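Report on the following structure.
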Amino acid sequence: MVKKKTCIFISGQGSNLKNLISHSRGYNFPIKISLVICNNREAIGLNYAKIYGIPYFLINTKLKNYENKVLQTLKKYKITFICLAGYMKIISKILTKNYPKKIINIHPSLLPKFKGLNTFSRILKNKEKETGCTVHYINDKLDSGNKIVQKKFFITSKDDEKVLKIKTQKLEYKAFPEAIIKIFRDN
Ligand code: GRF
C-alpha cells in the first residue's frame with residue numbers, strides 16, 4: 001500500500017498529532033505523516049515531531065503571504081493530504097484551492113452546533129444533554145464542511161469544562177483515525 005504523504009497542522013498540545021503518529025505507523029493505515037506545520041514555536045506538540053524524526057516547519061502568521069510559504073513547503077514535501085489537529089488559524093483560499101477535499105479538521109462539538117472557539121463553556125451554558133466531536137472537511141466557511149465522522153456522549157451533572165474536554169478528546173483519538181480510514185476506503 002502506498003501511503004498518502006500527509007501534513008498535520010498544530011498550534012498547541014498536539015495530543016491528536018501524537019495519536020495520529022502512532023496510528024500511521026500501522027502497516028495498513030492509509031497515511032504517512034511526512035510533515036508537521038505549526039504556528040507557535042512554544043507548542044508542546046512540536047516535541048512529537050522531534051521525537052519521531054518528522055520534519056517540521058514553523059510559520060509566522062504575522063507575515064504577509066505566509067500561506068504562500070506554507071504552500072511551497074507542502075509542495076516540497078509532496079504533501080497530498082492535510083489534517084488540522086488543534087490548528088488555531090483559519091485556512092485561506094490559497095490552501096483550499098490547492099487541496100480541494102484534501103483538508104480535514106477535528107472540532108470539539110457536534111457540528112453544526114458550537115462552531116468556533118470556547119466550545120465547552122458554551123455547551124455547558126446552553127445546558128446541552130450530549131456533546132462530542134466531529135471530523136469534517138474544510139471549505140471556505142468556518143467549521144462548515146461536510147462531516148466525515150461524529151462521535152458523542154451524554155453530559156452528566158458532574159461534568160465541568162475540564163471533564164468535557166477529557167471526554168471529548170478521548171473520542172477524538174478514535175474519530176480522527178476512523179475518518180482517515182473511511183476517506184481512503186471510499187476513494
Ligand atoms: C482538540 O480538542 C480539537 O478538537 C481542537 O483542538 C484540540 C487540539 O488538541 N480543534 P491537541 O492539540 O490535539 O491536544
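As the structure is a computational prediction, the values presented were derived from the model and not from experiment. Both counts, for ligands and for their atoms, begin at 1 and track the order of listing.
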Kindly state each residue pair satisfying ring pair (Phe, Tyr, Trp, His ring centres under 6.0 Å) with at least one member in [range], sequence neighbours excluded.
{"range": "residues 2-23", "answer": "Phe9-Tyr87, His23-Phe29"}
{"range": "residues 32-84", "answer": "Phe81-Phe184"}
{"range": "residues 150-183", "answer": "none"}

Check for a donor-acceptor pair, side chain of [X] on one end and backbone N or O of [Y] on the other, with a separation under 3.5 Å.
{"X": "Asn146", "Y": "Tyr137", "value": "no"}
{"X": "Ser24", "Y": "Ile31", "value": "no"}
{"X": "Arg122", "Y": "Lys115", "value": "yes"}

Check each protein residue for a heavy atom under 4.0 Å from ligand 1 and list those that pass, ordered by chain and number.
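Ligand 1 is contacted, at a heavy-atom distance under 4.0 Å, by Gln13, Gly14, Ser15, Asn16, Gly86, Ile106, His107, Pro108, Gln169, Glu172.
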
